[in-house]
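First up is the structure itself, then whatever we jot down about it.
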Number of protein chains: 2
Amino acid sequence: MVDEVILLDYWPSLFGVRTRIALEEKNIKFDYIEQDLCNKSALLLEMNPVHKKIPVLIHNGKPVCESLIQVEFIDETWPKANPLLPSDPYQRAQARFWGNFIDKMLPGLGKLMWGANGQEQEEGKKEFVEMLKTVESELGDRTYFGGETFGYVDIALIGFYGWFDAFEKYGNFSIEAECPKIIAWAKRCVKRDSVAKSLPDSEKVTELVPELKKKKRVE
Amino acid sequence: MVDEVILLDYWPSLFGVRTRIALEEKNIKFDYIEQDLCNKSALLLEMNPVHKKIPVLIHNGKPVCESLIQVEFIDETWPKANPLLPSDPYQRAQARFWGNFIDKMLPGLGKLMWGANGQEQEEGKKEFVEMLKTVESELGDRTYFGGETFGYVDIALIGFYGWFDAFEKYGNFSIEAECPKIIAWAKRCVKRDSVAKSLPDSEKVTELVPELKKKKRVE
């Protein structure tokens with residue numbers, strides 16, 4: 001049986017990027033269906049009735065939700081090409097720990113980007129930079145988080161990279177000045193076809209921000 | 001080699017309970033070391049330098065943090081007795097989805113228990129009840145979340161059960177009136193030795209709440 005793989009996604013999504021990269025790493029062909037988040041499709045509501053959010057990965061008609069769960073699912077469903085998680089249980093637990101930690105950066109980023117005032121934005125920036133420095137010290141001098149192998153933790157973090165310019169512009173700071181090793185690592189990641197193909201265009205993301213801010217104020 | 005397993009924990013922890021139950025399900029002997037969270041031990045700070053939180057599972061000297069990651073680690077390290085996650089990738093993804101969803105109930109519970117005022121507490125209660133109903137509809141008429149087999153999602157949720165009396169007392173509502181199937185399921189779970197041995201005493205948890213509220217106000 002040929003697998004039918006569909007991804008319901010929204011092009012600037014930090015989360016959707018992760019799933020796109022994991023599918024590319026496994027050389028899985030998939031139908032990408034762009035979603036209008038202001039006018040959610042019947043398919044999205046049917047496939048993710050609990051959260052009603054993208055990305056949703058639909059494999060042979062069955063939905064998998066939450067991007068890091070999708071990455072694990074992709075790795076377990078197509079285990080041969082480019083394993084994304086280590087095989088050792090301890091190393092797997094460490095990878096999951098860092099994936100979970102990276103997701104904990106979101107409240108800070110939310111405040112930085114959509115905060116109600118300058119003070120809240122400053123707090124968010126501080127939280128984000130502090131956490132990114134922790135992630136940077138975990139990376140150390142390795143090529144990727146898993147050593148020489150690109151994998152789960154890299155995918156979790158590189159999803160944010162398409163937004164780095166926007167974070168810098170709206171937070172008025174330089175990520176490279178704060179975390180130079182993270183920027184060097186991101187540039188290595190972008191050399192991979194899977195990443196280059198999947199990341200949204202930074203300029204377009206930055207241009208989109210005022211529109212998203214407006215929508216958030218209206219909601 | 002005999003495994004050395006140590007759990008750094010705090011008796012009323014919703015999270016620590018999960019790890020205790022998983023270890024009991026696998027018949028793993030472990031040294032339980034109670035932690036004073038007002039005066040964190042050098043061992044806790046060394047083993048979880050990032051979050052400085054319990055529970056920490058130390059396996060042959062190496063720490064694993066975050067309770068649901070510990071449950072997966074325990075399942076992968078001792079796979080033979082009582083598998084906790086299904087073997088099928090799709091079913092595993094579903095189990096992880098519900099574990100993740102259950103953790104998303106925490107902000108609501110935080111507001112319910114530690115909210116600054118009555119309005120915030122009411123909001124928290126509403127959020128919690130709504131999410132618990134979603135979890136209840138996922139359970140449906142099954143014995144456990146995995147069908148006839150007690151596993152990962154049961155462990156994720158039953159950790160909260162020792163606190164149900166406290167939620168009801170401080171939220172002034174009945175969980176059984178809102179979600180009768182969840183209460184019936186919890187009573188089935190408590191019949192398992194692993195759960196009965198691991199859950200904190202509900203009365204003691206309820207008695208502890210005013211002391212915790214006082215500490216939170218001081219912090």
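- Heavy atoms of other residues, nucleotides or ligands lying less than 6.0 angstrom from CG of B:Asp88 number more than 12.
- Surrounding NZ of A:Lys126 are at most 12 heavy atoms belonging to other residues, nucleotides or ligands under 6.0 Å away.
- The distance from atom CD1 of B:Ile69 to atom CZ of A:Arg92, rounded to the nearest 0.5 Å, is 12.0 Å.
- Using a 4.5 Å cut-off between heavy atoms, B:Pro63 touches chain A through backbone and side chain atoms alike.
- For a residue to count as touching a neighbouring chain, one of its non-hydrogen atoms must lie under 4.5 Å from one of that chain's; by this rule A:Gln70 does not touch chain B.
- Here the CG atom belonging to B:Asn100 is positioned 9.0 Å from the CG atom belonging to A:Asn100, to the nearest 0.5 angstrom.
- Between A:Phe101 and B:His51, the angle of the ring planes lies from 30° to 60°, which puts this pair in the tilted group.
- Contact of B:Glu138 with chain A is not made at all, since no heavy-atom distance falls under 4.5 Å.
- In the displayed structure, B:Lys53 atom NZ is contacted under 6.0 Å by at most 12 heavy atoms of other residues, nucleotides or ligands.
- Under the 4.5 Å side-chain criterion, counting only non-hydrogen atoms from C-beta, B:Gln94 is not in contact with A:Lys62.
- Between B:Phe97 atom CZ and A:Asn48 atom CG the span is 5.5 Å, to the nearest 0.5 Å.
- Using a 4.5 Å cut-off between heavy atoms, B:Trp98 touches chain A through its side chain atoms alone.
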